[in-house]
Amino acid sequence: MMAAENKGRTLGDHRRGFLLSVSYNGQLRKATMKFLSEDGRSVFLVDDPVDHKPYCLCKIPPEELEKEGELSSIPGVLGFERVTRFDALTQQEVTMTKIVAADPLSISGKPSGTVRSVMKEVWEADIPYVLNYVYDLNLRPGHHYVMGGDRPEISITDIGRAVKSKLEQILGSVPPEDREMIEKSAILLEQQIPNFLRVALDIEVRTSERNRLPDPNEPKDKVVAISLLDSDGSERSFLLVMPEQGHPPKDMLSNEKVKFFDNESEMILATFEALENYPIVVTYNGDNFDLPYLRNRARSLGIPDDRIPLKMGRDSADMRTGVHIDLYRFFLNRSIQIYAFNNAYKEATLDAISSALIGKGKIQISGSINELGYEELWKYCRNDAALTLELTSFDESLVMNLVVLLMRISRAPMEEIARRAVSSWIRSLFIALHRERGILVPNREDILKLKGELVTTAIIKGKKYKGAIVLQPKPGVHFNVTVMDFASLYPSVIARYNLSYETVRCPHDECKDNRIAELPHWACRKVRGITSSVIGTLRDLRVGFYVPLSREASSKLAMKKYEVAQRALKVFLNASYGVMGAENFQFYTPPVAESVTALGRLILTDVISEAQRLGANVIYGDTDSVFLERPSEEEIATLSRRASGKFDVKLNFEKEYRYVVFSTRKKNYFGVTEEGIVDVKGLIGKKSSTPAFVKEVFSETLSILSEVKDAKQFEEAKAKVAQILRDSVERLKSRQVPVESLSFNVMMSKNIEDYKNALPQHIKAAIMSSREGSAPSAGSVISFVKVRGKLGVKPTHIASPEEIDVDKYLQVFETTCDQFLEPLGIDISSKGKSSKLVDFM
DNA sequence: GCGGACTGCTTACCT
DNA sequence: ACAGGTAAGCAGTCCGCG
């Protein structure tokens, strides 16, 4: 149905659409734009109307290139063209040669037979062609377009009056040279986000041997169940009739949501047909399993390629017309996990993520999928598809909205957001800006050659340069503690001090005295750095516009909308400093990275010494925060003024604690706010790997302590705490605690065979587990208990209460409690050899 | 042969 | 493949020790 619709869609018909993506059509040797129709229900394709060609740049003049003929061995090369670019590193115009090719693979992407492989020095050859296309045509993925004239034109609607006045407000307070960019970005981000019709797909495969996982590269096993659920609420599940299961049950045969097939090919073809009706296909791990399995199985069943609507990449699977989003890849993204979802899920499994975000999990089955009957199999498969779908729709389609906002900010197609990490998104934005302004995109080596040196040394072995300051906390209980912190310290520093790859250690002699903190580096006074202006813009948009709007908006729905934008910007800002210090980042600039942290240290230490000069009691601070005991309003205001006046950085009142408890350890404390909310930082009792039993006692103890309002109430609380600890120790000793509550849960970050050094305990447990039949792999959380005996550990599911090493647990218990009881003057630690927990009782 | 000091590895956390 | 700083537990090594 949609395939037919795709034909005849041309420019000049004034149709409207929303730019999803750009793909490359190898037959036509052209880029193809994928647009979502205005109603969000289908995709139409528009082939490149301007005959754009792949290219890269070099510094050898065309005449010489033709003479030397080293490029003649590459048939795809079409010709050479003289062009000028601005080289930001030298701050000079350069004349370059554009080497134009008929197809992207003649430029780069293969080990040999490309321009990239035969030429010594080329520029912009490693930018994927479809991205080049986006940048050169100044396309804005995630925006509305009208098909008119000789190319699609972006279509922008007016933003509301209330939003406009808010925008004008912030424009008054930012540097004039940034105003235009901020205004334009705000208007673009404000554009309406469409409703995407989407379908979730999940398949089940029945393997011939019990414990073998199906392999997409050897699709010898039958696909037995396929579920498709869409955002309109329709659903279909296809089941293969299996001789060993007998006849399908009557009620399933009459269920219109279920269809049985005798023939697997027909079932797969029906699935392909269904998928083609959707602009967006959502899977969980479909890049590596569902889609490649379907494709390869279809092939092995003799289905011709032209009936398979998939386009396979090396480690990805795309739809030919629509867009495929693999939520596994998206949620695995660290930036998404941490900054967009506040670390709400720890493990990137469908079960863990859906449980954490929508409160629903996978259907638990006792044995293997192979043993399920028709009905169980159907329900299992359908439930997975339902969870996958819901992950895109919960919270007013938060995930889809987030994806679109990230597309808009990064200027990258939808697949880039779904599949690539934050450094690619930032790279995309930076390159787009270079193209827009006619600036040559520097090679990583160009920057490194000029600005490779580092002058600071890291505290941690193996790190490249010095980072932030962490103050030694003053141990003990502190009442009425105010926490102040700098708003987006590092992005602010980058913006304020003009830190960018071309402006730090710029070529101008006149700038050399504009030194950065205590470093020998200097920052340019003459030109605005590209990266510092873009990061400054994003920060101003977030801090001045979206954060206030997300708090003040008139409706709940509007607040949510601004909240998503605020978070999307946060993802970029949080990574903006880090990428400058990341070796693989295209714009990696060591002196920029160490300048950022040096300025951060300078600003923090300055504010702290000012606080001390004022007579305030600074009890702790970490990177961008200051903890003050009983400060006066006056002191708070003075410090804020100083930060703004001297460094142009906002120092905000963050929160006030009724009291805070510090030990001697850094990054380890808990605090109770006026409302009785307990903030726990870094303590063992909060760690995800700590046994549930210990965690429970920990939080019970804390909740007692949170009731404490003043110093004298501590005495009563101490008595209660002592009682809880006594009971818990008793329960441990008498082995009343179930083994499940004693399990440590530790992430296995590599596959078992990749542990080359001494085996950590969780890996020993993982090895035992795999001998028992289950096969943990990289990313799995290993559950184990500590037992008596040589190995010392055992997977939780095969351990019994009698073998538990009670002494070990008493020790864990002791360190956990000691972390916060010691500063309270409650001493339970063992000064001698044996645990003194008992003495404490 | 054993224990303490030390190092390196690994994980989880903080900013 | 965003960064560095901190804590903690475990495994292994070295050294001293009649």
Side-chain angles (χ1 to χ4, degrees), chain A residues 332-339 343 346 420-427 454 456-473 483 485-491 494 535 571-590 592-598 600-601 604 620-627 654 663-669 679-690 744-750 754-766 781-782 786 791-793 808 811-812 814-816 818-819 833:
Chain A
L332 191 65
N333 187 313
R334 293 282 291 162
S335 296
I336 295 299
Q337 183 179 357
I338 299 171
Y339 301 118
N343 247 327
K346 303 281 171 206
R420 312 284 304 276
V422 66
S423 61
S424 306
W425 306 341
I426 295 179
R427 176 186 187 234
L454 285 163
T456 59
T457 347
I459 292 175
I460 307 170
K461 204 186 273 185
K463 300 288 183 185
K464 301 185 287 281
Y465 58 91
K466 197 184 281 302
I469 290 176
V470 188
L471 300 193
Q472 194 62 58
V483 183
D485 69 7
F486 296 101
S488 301
L489 179 63
Y490 287 175
I494 291 173
I535 289 162
V571 167
F572 275 76
L573 290 173
N574 278 319
S576 63
Y577 141 73
V579 292
M580 296 300 180
E583 275 144 300
N584 290 315
F585 183 58
Q586 170 123 33
F587 301 89
Y588 171 49
T589 317
V592 168
E594 72 179 346
S595 294
V596 174
T597 55
R601 292 192 299 272
L604 185 69
Y620 183 59
D622 183 349
T623 312
D624 61 355
S625 64
V626 189
F627 288 58
E654 168 68 15
S663 66
T664 55
R665 299 164 189 85
K666 297 172 176 181
K667 298 184 190 282
N668 257 268
Y669 62 88
D679 274 351
V680 181
K681 301 290 178 185
L683 302 180
I684 300 173
K686 190 191 155 174
K687 287 191 159 189
S688 57
S689 51
T690 303
F744 289 82
N745 300 286
V746 178
M747 165 89 64
M748 183 168 95
S749 62
K750 303 179 277 194
D754 296 326
Y755 286 86
K756 309 280 184 214
N757 304 303
L759 295 179
Q761 290 194 319
H762 64 296
I763 305 308
K764 286 181 186 166
V781 171
I782 310 298
K786 306 210 176 188
L791 276 169
V793 291
K808 265 268 143 47
Q811 231 170 48
V812 170
E814 189 185 297
T815 17
T816 306
D818 201 40
Q819 273 193 345
K833 256 184 155 182

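It should be emphasised that the depicted structure is a prediction, and the values quoted were computed from it without experimental measurement. Lettering follows sequence order; numbering is per chain, from 1.
- Residue Ala582(A) has its side chain nearest to dA3(C) when only dC13(B), dC14(B), dA3(C) are considered.
- As judged by a 4.0 angstrom heavy-atom cut-off over every strand, Ala593(A) is placed among residues making no nucleic acid contact.
- When all heavy atoms of Asn668(A) and Leu683(A) are compared, the pair lying nearest together is OD1-CD2, 3.2 Å.
- Ionic pairing of Lys667(A) and Asp622(A) is present here: one or more N-O contacts between side-chain nitrogen and carboxylate oxygen are shorter than 4.0 angstrom.
- Ranked by how close their nearest DNA chain B nucleotide is to the 5' end, Lys461(A) and Lys667(A) are led by Lys461(A).
- The distance from atom CG of Leu683(A) to atom P of dA12(B) is 17 Å, rounded to the nearest whole Å.
- With rounding to the nearest 0.5 angstrom, the NZ atom of Lys756(A) is 8.0 Å from the NZ atom of Lys750(A).
- Using a 4.0 Å heavy-atom criterion, one finds that Tyr755(A) contacts the sugar-phosphate atoms exclusively.
- Between the CG atom of Asp754(A) and the P atom of dT11(B) there is a distance of 11 Å, rounded to whole Å.
- Counting any heavy atom pair closer than 4.0 Å across all strands shown, Leu759(A) reaches sugar-phosphate atoms only and no base atom.
- When each of dA7(C), dT10(B), dC10(C) is scored by its nearest atom to the side-chain atoms of Lys808(A), the top-ranked nucleotide is dC10(C).
- Set against dA12(B), dT10(B), dA11(C), the side chain of Gln761(A) has dA11(C) as its closest nucleotide.
- Across all strands, Tyr339(A) comes closer than 4.0 Å to base atoms (heavy-atom distances).
- Summarising the geometry, the separation between CG on Leu332(A) and C1' on dC2(C) is reported as 15 Å, rounded to the nearest angstrom.
- Applying the 4.0 Å criterion to OP1 and OP2 of dC13(B), one finds that Ser688(A) has a side-chain N or O inside that range.
- Listed candidates were dC10(C), dC14(B), dC13(B). Nearest to the side chain of Lys686(A) is dC14(B).
- Nearest to the side-chain atoms of Asp624(A) among the listed nucleotides dT10(B), dA7(C), dT15(B) stands dT15(B).
- Between dG8(B) and Asn757(A), no contact under 4.0 Å exists linking OP1 or OP2 to a side-chain N or O.
- Closest contact between the side chain of Ala421(A) and the listed nucleotides dT11(B), dC13(B), dC2(C) involves dC2(C).
- Residues Ser576(A) and Ile460(A) each lie close to DNA chain C; by heavy-atom proximity, the contact nearer the 5' end of the strand is made by Ser576(A).
- Between Ile763(A) atom CD1 and dT10(B) atom P the separation is 9 Å, expressed in whole Å.
- For Arg665(A), taking side-chain heavy atoms from C-beta onward, the closest of the listed nucleotides dA7(C), dG9(C), dT11(B) is dA7(C).
- For Tyr669(A), no side-chain nitrogen or oxygen approaches OP1 or OP2 of dC13(B) to under 4.0 Å.
- Using a 4.0 Å heavy-atom distance criterion, Ser749(A) is classed as a sugar-phosphate-only contact.
- Closest contact between the side chain of Ile459(A) and the listed nucleotides dG5(C), dT11(B), dA11(C) involves dG5(C).
- Remark: P of dG9(C) and NZ of Lys687(A) are 8 Å apart, rounded to the nearest angstrom.
- Between dT10(B), dC13(B), dG9(C), one nucleotide has an atom nearer to the side chain of His762(A) than all others, and that is dT10(B).
- A heavy-atom distance below 4.0 Å to DNA chain B is reached by none of the residues of residues 464-473 of chain A.
- Not one side-chain nitrogen or oxygen of Thr623(A) sits closer than 4.0 Å to the OP1 or OP2 atom of dG5(C).
- In this structure a side-chain-to-backbone donor-acceptor pair under 3.5 Å is missing from Ser625(A) to Asp485(A).
- To the nearest 0.5 angstrom, Leu604(A) atom CG is 12.5 Å from Thr597(A) atom OG1.
- Ala758(A) comes within contact range of the sugar-phosphate backbone alone, with a heavy-atom separation under 4.0 Å but no base atom that close.
- When the side-chain nitrogen and oxygen atoms of Lys681(A) are compared with OP1 and OP2 of dT15(B), one or more of them lie within a distance under 4.0 Å.
- Note: CD (Gln337(A)) to C1' (dC2(C)) measures 14 Å, nearest angstrom.
- Here the straight-line distance linking atom CD1 of Ile535(A) with atom CD1 of Ile494(A) works out to 4.0 Å at 0.5 Å rounding.
- Nearest to the side chain of Gln819(A), among dA7(C), dT11(B), dT15(B), sits dA7(C).
- Note: Glu594(A) CD to Lys464(A) NZ = 11.5 Å, rounded to the nearest 0.5 Å.
- If you take CG of Asn668(A) and P of dC13(B), they are 12 Å apart, rounded to a whole angstrom.
- Residue-level contact check: Asp485(A) touches neither bases nor backbone, having no heavy atom under 4.0 Å from any strand.
- Within the 4.5 Å cutoff, no side-chain heavy atoms of Met747(A) are placed close to those of Lys346(A).
- A distance-only check finds a donor-acceptor pair linking the side chain of Lys686(A) to the backbone of Val680(A) [under 3.5 Å].
- Under the rule for a salt bridge (charged side-chain N to carboxylate O under 4.0 Å, His left out), Arg665(A) has no partner lying at least two apart in sequence or in another chain.
- Among the atoms of the strands shown, only primed sugar atoms or phosphate atoms (P, OP1, OP2) are found under 4.0 Å from some heavy atom of Lys764(A).
- Between the CD atom of Glu814(A) and the C1' atom of dA8(C) there is a distance of 14 Å, rounded to whole Å.
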